[in-house]
Amino acid sequence: MSELPGIVVTGASGRMGQMLVRTIAESGAARLVGALERAGHDWIGRDIGEAMGGAAIDVLVTDDPVEVFAKAQAVIDFTAPAATVAFAGLAAQARAVHVIGTTGLTEADLKAINAAARHAVIVRAGNMSLGVNLLVQLTKKVAAALDEDFDIEIIEAHHNQKVDAPSGTALMLGEAAAEGRGVKLADVRDSGRDGMTGARMRGNIGFAAIRGGDIVGDHDVLFAAKSEQITLRHRAMDRTVFAKGALKAALWGQDKSPGEYDMVDVLGL
Ligand SMILES: NC(=O)c1ccc[n+]([C@@H]2O[C@H](COP(=O)([O-])OP(=O)(O)OC[C@H]3O[C@@H](n4cnc5c(N)ncnc54)[C@H](O)[C@@H]3O)[C@@H](O)[C@H]2O)c1
Ligand SMILES: O=C(O)C1=N[C@H](C(=O)O)CCC1
């Protein structure tokens, strides 16, 4: 019998990194072959299972991506933009599927990732859950059905350690709403209102970000008109939904041609 696909988890000590290590171990569909952390992290050299407070699993945390990617069929990466851009090039060199969950990527970052996807499979999404990717499709449909009498506002809430805003998910929802309306999000985006903003511009798509406590990730898409409102809502209750989606993407990508894909491709939505 052939071996299960080998997966490297980057940012292995992080909130998502630890969830991914557990999800892979429990899946029976893949095996963890590497755990990567940034240079200087105090988990480097330790067994990842023990560092997480459990039994040893014979995978030592390393800060050397080249050495560890060479053993992998897939790299699952929920870290930070600069790290993810570097890993995209290295994963492509190793011909490993690169699953990117990292958010807060700039246009320049996205261009670099897209260039790496000429040589290997990259699956990137600001949210890997089934529910959010379905919500993206619903948002596009509702936005296409309603005219600009309905103001579109995207309200997101996350834990107090999140460093980027609006969330990657909020931006996916904004893109979907803009696509449904047949406009470019960049032309109608309205984020970070503060002070004497003036009245709301008809046709704009607004964003509001809440940060507090340990909220995993809540997203509302509000369509507000005179005398009636529709709200589409997703709430993630824990991070397993993201980790399961990322693992599914890593397995799905194994027989695909080089290119950049998203979770709509993976889930066939
Ligand atoms: N797409 C999704 O479904 C989804 C879901 C949850 C989180 N996220 C995103 O994933 C990212 C991480 O989220 P988190 O809550 O796990 O953050 P976190 O801060 O808990 O973890 C990030 C980890 O990456 C490590 N890291 C940073 N630079 C590194 C490098 N050069 N090499 C190796 N490791 C490095 C950090 O040390 C840290 O352990 C964020 O961008 C977040 O928005 C996406
Ligand atoms: O915890 C985070 O950070 C999350 N980030 C993603 C985003 O930016 O949308 C997904 C939800 C959790």
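In listed order, ligands and their atoms are each counted from 1.
Below 4.0 Å from some heavy atom of Val216 lie the following atoms of ligand 2, by number and element: 12 (C). Each of the atoms 7 (C), 8 (O), 9 (O) of ligand 2 lies under 4.0 Å from some heavy atom of Ser167. Numbered from 1 in the order shown, with element, the atoms of ligand 2 that lie under 4.0 Å from a heavy atom of Thr103 read 7 (C), 8 (O). Residue-ligand proximity, Ala83 to ligand 1, at heavy-atom distances under 4.0 Å covers atoms 28 (N), 29 (C), 30 (C), 31 (N). Close approach of ligand 1 to Gly14 (heavy-atom distance below 4.0 Å) involves ligand atoms 20 (O), 21 (O), 39 (O). Annotation for ligand 2: atoms under 4.0 Å from non-hydrogen atoms of His159 are 1 (O), 2 (C), 3 (O). Close approach to Thr102 involves these atoms of ligand 1, each under 4.0 Å from a residue heavy atom: 41 (O). Listed by number with element, the atoms of ligand 2 under 4.0 angstrom from any heavy atom of Gly126 are 6 (C), 7 (C), 9 (O), 10 (C). Close contacts between ligand 1 and Met16 involve ligand atoms 6 (C), 7 (C), 16 (O) [criterion: under 4.0 Å to a heavy atom]. The contact set between ligand 2 and Thr169, taken as ligand atoms under 4.0 Å from a residue heavy atom, comprises 7 (C), 9 (O), 10 (C). Close approach of ligand 2 to Gly168 is summarised as follows: ligand atoms under 4.0 Å from at least one heavy atom of the residue are 7 (C), 8 (O), 9 (O).
For the pair Ala80 and ligand 1, the shortest N or O to N or O distance does not fall below 3.5 Å. At least one N/O-N/O distance between Gly101 and ligand 1 falls below 3.5 Å. The shortest N or O to N or O distance between Ala125 and ligand 1 is under 3.5 Å.
Counting only heavy atoms of the protein, atom 11 (C) of ligand 2 lies nearest to His158 NE2, 3.4 Å. For atom 5 (N) of ligand 2, the closest non-hydrogen atom of the protein is Lys162 NZ, 3.2 Å.
Heavy atoms of Thr10 come nearer than 4.0 angstrom to ligand 1 in no pair at all. Using a 4.0 Å cutoff on heavy atoms, Gly126 counts as a contact of ligand 1.
A cation-pi arrangement is absent between Arg124 and Tyr261, since the terminal nitrogen or guanidinium carbon is not both under 6.0 Å from the aromatic centre and inside a 45° cone about the axis.
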